[in-house]
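Working notes for the structure below.
One-based numbering, in listed order, for ligands and for the atoms of each.
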Amino acid sequence: MRNWENPVMLACNTASKKNLPSCIVFIIIFITLLCPAVMSQVVVPGSDADCLLRFKYTLANGSVFFSWDPSTSPCQGNDANWFGVLCSNYVWGLQLEGLELTGKLDLDPLVPMKNLRTISFMNNEFDGPMPQVKRLTALRSLYLSNNRFSGEIPALAFQDMPHLKKILLANNAFRGTIPSSLASLPRLVEVRLNGNQFQGQIPHFKQKDLKLASFENNDLAGPIPESLQNMDPGSFAGNKDLCGPPLSPCSISPPVIPVDPRTHPSPPLSSPQGNKTGSFNTIAIIMIVLGLLLVIIALVFCFIQSRRRRNFLSAYSSSGKESVESYTYHEPVVRTNKPAESLVNHARRRSTPDPGGRLLFVRDNVQRFGLQDLLKASAEVLGSGTFGASYKAAISSGQTLVVKRYKHMNNVGRNEFHEHMRRLGRLNHPNLLPLVAYYYRKEEKLLVTQFMSNNSLASHLHTNHSADQPGLDWITRLKIIKGVAKGLYYLFNELPTLTIPHGHIKSSNVVLDESLEPLLTDYALRPVMGSEHAHNFMTAYKTPEYGPAKGQVLTKKTDVWCLGVLILEVLTGRFPENYLSQGYDPNMSLVTWVSDMVKEKKTGDVFDKEMEGKKNCKGEMINLLKIGLRCCEEKEERRMEMREAVEMIEMLREGESDDEFGSIDQRVSNDLYSSMLWDDDDSLNR
Ligand SMILES: Nc1ncnc2c1ncn2[C@@H]1O[C@H](COP(=O)(O)OP(=O)(O)OP(=O)(O)O)[C@@H](O)[C@H]1O
């Protein structure tokens with residue numbers, strides 16, 4: 001108070017004795033000027049904003065929420081102004097996943113938020129005890145999986161939570177018994193407790209609607225309650241003392257029947273019957289030993305045979321050494337074309353897929369094949385990317401598939417992985433390469449897609465061209481960008497809860513079918529990707545908003561930036577060198593180069609010299625360049641929305657537009673863009 005009282009007092013002291021009216025005028029002016037500034041900082045106590053800000057201050061590294069600005073409101077209609085907040089006029093959810101948040105989680109500041117229905121803090125590094133949730137009475141779903149919470153959960157932790165339907169606590173370090181209040185939640189539909197150290201018996205879950213319950217990899221014991229006996233046996237795996245359906249029956253020790261020695265006298269030890277039993281036992285033991293020997297010989301034989309096999313498995317294991325360091329994008333398609341046999345010779349025989357495991361299919365309209373079919377197929381290494389290697393495998397049924405091996409998807413539990421894959425399997429768009437099947441093993445995963453005969457956009461843009469292999473012409477490049485934009489827009493609409501719906505947009509993740517129609521690959525993998533690997537290699541993390549100085553918060557506009565870079569790459573034919581370094585480096589950025597060229601009035605020199613068909617298309621090419629640059633505005637608030645970018649790309653025409661600078665020029669004009677002029681470069685008139 002003192003600080004702002006002083007000028008008023010000072011003015012009034014000087015003025016009051018002689019001129020009271022001027023003092024009053026001064027006060028009015030002062031209040032008029034000060035009030036808006038003060039008001040904008042005022043957050044109504046108990047409001048959503050107030051609760052969220054108080055919650056933010058409890059977080060050890062809450063400073064990452066730079067968008068949680070007290071002078072703005074968390075929601076604007078159904079759109080969120082604040083990062084991680086889910087809005088529908090009011091705040092109904094918080095989704096703060098994969099942000100490396102640490103420390104204890106204190107949810108008390110959120111208690112007054114009576115509309116808060118869902119909270120997710122999955123894939124962080126919170127530790128300490130289970131946060132107190134039962135005062136959040138409106139909660140429908142609670143997601144705390146993949147953190148480091150520990151200790152026992154009090155029996156009544158979930159008491160009086162009438163609406164709670166989904167609880168995910170998987171892959172933490174909770175111990176003690178499963179809280180009884182959890183089993184009594186009236187509307188529970190899904191509960192995941194896998195990957196903890198829960199002990200004792202599973203309580204009797206009474207809910208009729210319970211659809212999914214996972215208890216695997218705990219220390220649970222005793223019979224599985226009758227209410228859960230219809231669940232998948234996999235839900236109980238990894239608890240060595242659990243028994244009863246759907247697992248094997250509990251061993252019941254035979255009842256000890258008291259025997260009356262007068263009615264059942266024991267046979268004498270040296271009776272002839274006893275001798276017969278003894279010799280029978282000896283024969284049985286010999287037979288068992290012989291049987292075991294035969295089994296061992298058969299296993300050794302199979303093992304030797306499998307090492308001789310020249311197939312996908314060999315190629316797979318031979319490149320098991322391929323690491324991130326060996327990734328050189330300068331040769332975008334590392335197409336070895338080595339026959340499988342030569343790969344066998346260099347095989348390091350590292351980990352191989354467990355032939356006993358199963359391929360899981362995520363869509364119905366594909367011909368089924370098994371892991372064994374892939375193992376037998378002749379394989380070709382397509383390349384080794386940042387996640388692992390990709391193999392082309394032609395199987396006997398005639399299908400040609402691509403098997404991509406991911407080594408960095410270990411921060412997610414089995415069930416979440418399965419669920420995410422099923423979610424990807426439901427996506428269906430002509431510009432998305434559909435996931436066909438996948439294989440899950442703890443340390444690595446395989447994703448199977450169809451092989452696309454025209455390779456990747458990267459291979460077309462960055463390999464040497466010749467007379468019989470010319471570079472892509474303008475019309476094809478525009479068609480590709482239009483397809484990519486449509487595919488991205490579909491992802492944005494279908495996966496609205498993902499912070500970065502694609503996350504890894506780059507030209508090698510755009511493959512082309514026989515008519516050069518583009519299909520996006522490697523999309524929506526951030527939820528199942530290890531944090532460290534994602535930060536180091538996914539293109540989303542090579543954008544200006546990501547970096548220690550910028551608060552490290554990615555948003556949907558991160559994908560927009562990557563689309564912009566792809567547009568510039570397609571138009572210039574230059575590879576974005578920044579993708580080879582970690583984080584964002586403006587000095588290596590293609591965006592900086594293009595912007596500088598434009599500022600120097602050399603726009604015409606920006607376009608790929610190998611792009612045919614440029615004649616009479618200058619206006620539309622410049623328009624696409626402008627859209628690319630508007631997608632690459634460093635300040636996110638100036639960057640286009642995906643919807644806007646897609647609409648404008650759709651409006652572009654293959655040929656010349658009515659005026660030289662194109663039909664959409666007004667919508668993308670500002671100082672930089674209006675300085676874009678086409679210089680008279682002969683190469684542009686081809
Ligand atoms: N379904 C497919 N059809 C044809 N080519 C493909 C297919 N999937 C991948 N490729 C090509 O195989 C090569 C290796 O792909 P891979 O996805 O392993 O690495 P990348 O895309 O270069 O990098 P990252 O691992 O970061 O995605 C790339 O040139 C890619 O375009």
Side-chain angles (χ1 to χ4, degrees), residues 315-316 319-338 366 374 377 379-395 399-409 424 430-438 444-463 472 480 484 487 500 502-526 528-530 532-542 562 565-566 569-570 575-582:
Y316 175 90
S319 55
K321 184 76 183 84
E322 283 159 351
S323 65
V324 170
E325 294 84 67
S326 73
Y327 171 67
T328 49
Y329 199 95
H330 301 287
E331 295 290 345
V333 178
V334 196
R335 191 174 282 281
T336 65
N337 273 328
K338 282 181 189 170
V366 281
L374 288 179
E380 180 189 316
V381 181
L382 283 176
S384 169
T386 51
F387 295 139
S390 290
Y391 309 88
K392 175 181 165 190
I395 60 174
Q399 295 186 73
T400 310
L401 302 155
V402 171
V403 183
K404 182 157 177 177
R405 174 186 178 214
Y406 293 84
K407 293 179 284 187
H408 302 277
M409 288 184 172
L424 296 188
N431 296 109
L432 286 190
L433 185 69
L435 174 67
V436 171
Y438 68 97
E444 66 182 330
K445 282 93 200 157
L446 304 178
L447 265 54
V448 184
T449 55
Q450 300 287 352
F451 174 73
M452 289 296 122
S453 54
N454 255 320
N455 306 321
S456 68
L457 174 60
S459 68
H460 285 270
L461 291 175
H462 306 300
T463 42
L472 298 170
I480 291 171
V484 167
I500 12 178
H502 192 295
H504 202 37
I505 304 168
K506 57 177 184 171
S507 54
S508 68
N509 285 339
V510 178
V511 288
L512 305 175
D513 70 7
E514 55 294 343
S515 53
L516 294 171
E517 192 62 43
L519 293 106
L520 294 169
T521 67
D522 273 347
Y523 47 83
L525 292 178
R526 181 63 193 90
V528 289
M529 192 59 63
E532 194 187 339
H533 196 75
H535 292 189
N536 291 342
F537 299 107
M538 288 180 84
T539 55
Y541 295 85
K542 296 167 194 296
C562 297
V565 173
L566 188 82
E569 184 182 351
V570 164
F575 175 67
E577 293 291 326
N578 189 206
Y579 284 172
L580 298 176
S581 61
Q582 279 188 21

Run the numbers for me: atoms of ligand 1, each under 4.0 Å from some heavy atom of V402, listed by number.
1 (N), 2 (C), 3 (N), 7 (C), 8 (N)

Look only at the side chain of Y523 and the backbone of L424, and say whether a donor-acceptor pair between them is shorter than 3.5 Å.
no

Whether M538 lies under 4.0 Å from ligand 1, heavy atom:
no

side-chain contact (heavy atoms from CB on, under 4.5 Å) partners of S515, counting only residues at least two apart:
D513, E517

Determine yes or no for a side-chain-to-main-chain donor-acceptor pair under 3.5 angstrom, with H502 supplying the side chain and L525 the backbone.
no

Provide the number and element of each atom of ligand 1 under 4.0 Å from a heavy atom of F451.
3 (N), 4 (C)

Is a side-chain donor or acceptor of S456 paired with a backbone partner of N509 at a separation under 3.5 angstrom?
no

Taking only non-hydrogen atoms of K506, do any sit less than 4.0 angstrom from ligand 1?
yes

Atoms of ligand 1 close to S456 [distance to a heavy atom under 4.0 angstrom, numbered from 1]
29 (O), 31 (O)

Test side chain to side chain donor-acceptor pair (under 3.5 Å) applied to Y438 - qualifying residues, sequence neighbours left out
H418

Test side chain to side chain contact (heavy atoms under 4.5 Å, CB included) on H460 and L516; report intermediate values, then the result.
CA-CA 10 Å; H460 285 270; L516 294 171; 4.3 Å; yes

Would you check if the side chain of S390 reaches a backbone N or O of G383 as a donor-acceptor pair within less than 3.5 Å?
no

Could you tell me, atom by atom, which parts of ligand 1 come under 4.0 Å of a heavy atom of T449?
1 (N)

Before signing off on this row, confirm whether M452 and ligand 1 have an N or O atom pair separated by under 3.5 Å.
yes

Residue-ligand contact T521/ligand 1, heavy atom below 4.0 Å
no

Which is closest to atom 25 (O) of ligand 1 by heavy-atom distance: K404, Q450, H504?
K404

Suppose I only count heavy atoms of L433 and a 4.0 Å limit; which atoms of ligand 1 are within that range?
1 (N)

